[in-house]
Amino acid sequence: MALKINSLGGYIHEYQKSVNTPEKFWAEIADNFYWRKKWDKVVEWNFEEPRVEWFKNAKLNITENIFERNLFTHADKPAIIWEPNDPNEAHITLTYKELYEKVCQFANVLKGKGIEKGDRVIIYMPMVPEAAIAMLACARVGAVHSIVFAGFSSSALADRIEDCKAKMVITSDGNFRGTKKIPVKAVVDEALEAKSSIENVIVLQRTKQDVTMTAGRDTWWHEACEGVSTENKAEEMDSEDMLFILYTSGSTGKPKGVVHTCGGYMVYTAYTFQNVFHYNPGDIYWCTADVGWITGHSYIVYGPLVSGATSMMFEGVPTFPDAGRFWEVVAKHKVNQFYTAPTAIRALQAYGLDPVTKHDLSSLKVLGSVGEPINEEAWHWYHTHIGKGKCPIVDTWWQTETGGILISPLPGITPTKPSYATLPLPGVQPVIVDSEGKELKGNSVEGNLCIKFPWPSMIRTTYGDHERCRTTYFSTYPGMYFTGDGVKRDEDGYYRILGRVDDVINVSGHRMGTAEVENAINEHPLVIESAVVGYPHDIKGQGIYAYVIADMSASETDTEEELAKEIILTVSKIIGPIAKPDKVQIVSGLPKTRSGKIMRRILRKVAEGDISNLGDTSTLLNPEIVDELIAKAGLA
Ligand code: WT7
């Protein structure tokens with residue numbers, strides 16, 4: 001595919017073309033793909049409703065672009081290399097032809113179970129090749145997949161099933177993670193205890209642990225596939241038909257279903273994959289994300305596979321059997337591009353260099369970072385010790401809503417700068433605005449990050465509630481998409497992402513809404529009110545700090561310490577272990593303004609351990625509470 005930019009001049013040329021003649025620019029890129037019918041119009045949009053349509057009236061199926069288009073040249077090329085949790089278990093390689101047959105077969109299974117174009121299917125699975133097969137089989141038949149990260153609790157899963165009225169769940173018996181065997185099917189069973197829209201559950205056998213199978217509803221994956229044809233004709237999809245829904249957290253208590261569509265998402269993820277990772281035929285590319293997050297969707301499955309690349313999938317964790325596992329896997333499979341999150345780098349950095357130097361990392365050419373700002377120390381460690389000073393680091397900024405990478409260096413082509421995502425990719429028009437929405441032009445400015453022109457893989461709607469999409473992303477600064485991130489453009493014009501400016505905490509690269517965590521805490525019977533803020537955490541980037549007012553008198557046995565533990569358990573049960581507060585402080589009150597608004601700024605300061613600049617607290621309704629917070633946090 002002739003999509004690759006090869007020089008700095010090429011980048012500048014392409015970027016300018018994408019801004020001056022966006023339709024021409026994207027039409028030329030889209031011409032590299034297989035369309036059953038081409039578009040009538042490249043893009044039609046307004047950010048008021050909002051309405052965004054790319055490659056209008058074009059017809060395609062994304063899996064035909066992965067398989068049929070590539071099969072003559074790629075049949076025997078590895079599509080997925082799967083590395084299991086246990087290094088003693090054999091890895092699996094699926095060629096494009098093998099993957100194609102498995103996808104077609106499972107597509108036929110879905111159809112046999114009554115799944116039709118437009119139906120929603122929940123995938124709740126560990127990192128096994130079948131997770132990708134299930135996604136692609138959905139795309140093949142035109143069903144809309146919604147993957148729920150397998151670390152989410154049964155109630156979080158039930159909420160998502162209910163929100164999108166899914167007809168089927170695809171899951172596994174269990175999940176191997178490090179030394180642990182985690183129940184997965186049991187969580188699904190719990191989620192389905194109440195009446196739901198689910199008609200069928202397909203269960204992959206992975207851990208062989210005991211599970212309960214409900215007759216008439218549950219089928220084993222291997223039994224469902226027995227004797228089923230490996231030929232399947234792909235469903236014809238409109239460019240703007242839904243490809244998937246992915247739930248993500250925001251400022252409100254309820255996660256929203258971000259909707260992505262077929263044509264634009266395909267074009268943008270493949271284009272950015274090839275450019276940001278500088279993928280060359282024969283390279284082995286490894287992204288360590290989970291398919292439950294957008295990174296797994298766009299840069300393990302769709303972007304790489306549409307590009308005919310070899311994509312590694314890893315089932316395990318970075319520290320099992322030891323902290324050298326990532327590097328062992330890089331050496332074993334001669335990985336060329338390695339894409340991970342700053343939190344993993346910081347966690348591994350803490351184990352020193354022995355686990356690194358043991359392994360031959362000379363195959364590496366490009367290193368990637370995603371999910372949160374990468375601090376300079378971690379950037380240098382990654383660059384020096386993993387990349388041996390010769391691999392450019394692509395610090396890729398993007399979001400679930402953007403579908404693909406928007407700001408990132410192009411390796412070896414545009415400059416890198418520690419902790420900077422640097423420059424927008426072609427087609428991306430960032431603007432920085434102040435709190436009044438005034439555009440801050442020129443360099444050396446800081447403000448809120450917006451995008452003023454559509455790009456092909458952007459969010460189309462929030463499932464079932466278009467108004468929510470409008471108010472969340474398009475109403476703060478009319479006429480622009482608002483990212484929720486603060487940003488700085490330095491004296492050279494490079495972008496540095498400063499973090500969220502809304503009530504969202506980024507824990508280990510995963511987005512948590514403070515309101516969502518507060519709602520979960522408030523489920524504890526002794527809790528009266530709570531307020532959650534983020535604070536700097538050495539490994540996770542941000543940790544979760546919860547201030548809780550509880551009715552201690554209602555319980556005779558609870559100590560504050562026990563109560564804190566119970567609260568953490570409650571959150572784990574309601575959302576999942578990823579949302580567990582790192583610190584719980586039981587307080588008698590929360591600092592409030594006279595209008596009753598919680599002063600989160602004060603809570604953040606105390607959580608950070610910095611009480612030097614609390615500002616004027618005398619206007620608070622309850623100024624005395626500040627001293628209590630400080631004393632209880634051990635800062636007095
Ligand atoms: C938020 C999006 C994009 C896939 C993973 C997270 C933060 C993401 C970077 C980066 C600084 C980053 C932003 C963004 N973020 N990448 N390279 N530098 N911050 O997806 O859960 O949708 O979260 O992650 O704050 O808004 P997500």
Side-chain angles (χ1 to χ4, degrees), residues 147-149 151-152 244-251 255-260 265 268-269 272-273 276 287-303 339-346 367-376 378-379 382 393-409 416-425 428 430 448-451 455 457-459 462 472-473 476 481-488 494-514 516 534 540-542 578-579:
I147 307 189
V148 178
F149 173 61
F152 277 119
F244 65 85
I245 304 168
L246 184 58
Y247 285 87
T248 189
S249 299
S251 310
K256 47 190 174 279
V258 172
V259 170
H260 286 289
Y265 179 82
Y268 195 81
T269 54
T272 52
F273 168 72
V276 170
C287 165
T288 69
D290 190 285
V291 288
W293 312 112
I294 191 69
T295 310
H297 287 63
S298 303
Y299 298 109
I300 293 178
V301 179
Y302 289 112
Y339 191 26
T340 197
T343 187
I345 299 165
R346 288 190 298 264
L367 301 176
S369 171
V370 61
E372 49 173 322
I374 178 166
N375 48 307
E376 288 199 31
W379 194 99
Y382 199 26
I393 294 180
V394 289
D395 177 356
T396 63
W397 174 83
W398 58 299
Q399 309 177 297
T400 303
E401 295 85 346
T402 70
I405 298 164
L406 297 196
I407 304 182
S408 168
T416 60
K417 189 167 182 173
S419 78
Y420 279 73
T422 71
L423 298 170
L425 298 183
V428 177
N448 292 341
L449 177 60
C450 295
I451 317 284
W455 63 99
S457 65
M458 71 183 293
I459 180 175
T462 43
T472 311
Y473 307 106
T476 317
Y481 167 82
F482 175 44
T483 64
D485 278 320
V487 70
K488 167 179 151 177
Y494 296 139
Y495 290 85
R496 177 183 188 152
I497 307 299
L498 302 171
R500 303 288 305 195
V501 296
D502 52 9
D503 290 324
V504 167
I505 310 178
N506 191 325
V507 186
S508 301
H510 303 310
R511 212 198 294 191
M512 288 311 320
T514 53
E516 209 181 333
K540 300 179 178 184
Q542 278 191 298
I578 45 169

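On a predicted model such as this, the values are computed, not experimentally measured, just so you know. Remember, it's 1-based here, ligands and their atoms both numbered in the order they're listed. The residues of the chain are indexed from 1 along the displayed sequence.
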- Please confirm whether the backbone N or O of A579 pairs with a side-chain atom of H510, one donor and one acceptor, at under 3.5 Å? no
- Message: Looking at T483 and L449, would you say the former's side chain and the latter's main chain have a donor-acceptor pair under 3.5 Å?
- Response: yes
- Partner set under side chain to side chain donor-acceptor pair (under 3.5 Å) for R346, not counting sequence neighbours: E372, N375
- Ring centroid separation for W398 and Y268, is it under 6.0 angstrom? no
Does ligand 1 have any N/O atom under 3.5 Å from a protein N/O, and what are those pairs and their distances?
unit_1   : atom_1 : unit_2 : atom_2 : d
ligand 1 : 15 (N) : G371   : O      : 3.3
ligand 1 : 16 (N) : G371   : N      : 3.2
ligand 1 : 17 (N) : D395   : OD1    : 2.7
ligand 1 : 17 (N) : T396   : O      : 2.8
ligand 1 : 18 (N) : E372   : O      : 3.4
ligand 1 : 19 (N) : P373   : N      : 3.4
ligand 1 : 22 (O) : T400   : N      : 2.8
ligand 1 : 22 (O) : T400   : OG1    : 2.6
ligand 1 : 22 (O) : R511   : NH2    : 2.6
ligand 1 : 24 (O) : G371   : O      : 3.2
ligand 1 : 24 (O) : N506   : ND2    : 3.4
ligand 1 : 25 (O) : D485   : OD1    : 2.6
ligand 1 : 25 (O) : D485   : OD2    : 3.3
ligand 1 : 26 (O) : Q399   : NE2    : 2.9
ligand 1 : 26 (O) : D485   : OD1    : 3.4
ligand 1 : 26 (O) : D485   : OD2    : 2.6
ligand 1 : 26 (O) : R500   : NH1    : 2.8

- Query: What residues, two or more places apart in sequence or in another chain, satisfy salt bridge (Lys or Arg N to Asp or Glu O under 4.0 Å) together with E516?
  - Reply: none
- F482 meets the ring-ring contact (aromatic ring centres under 6.0 Å, His included) criterion, sequence neighbours left out, with Y477
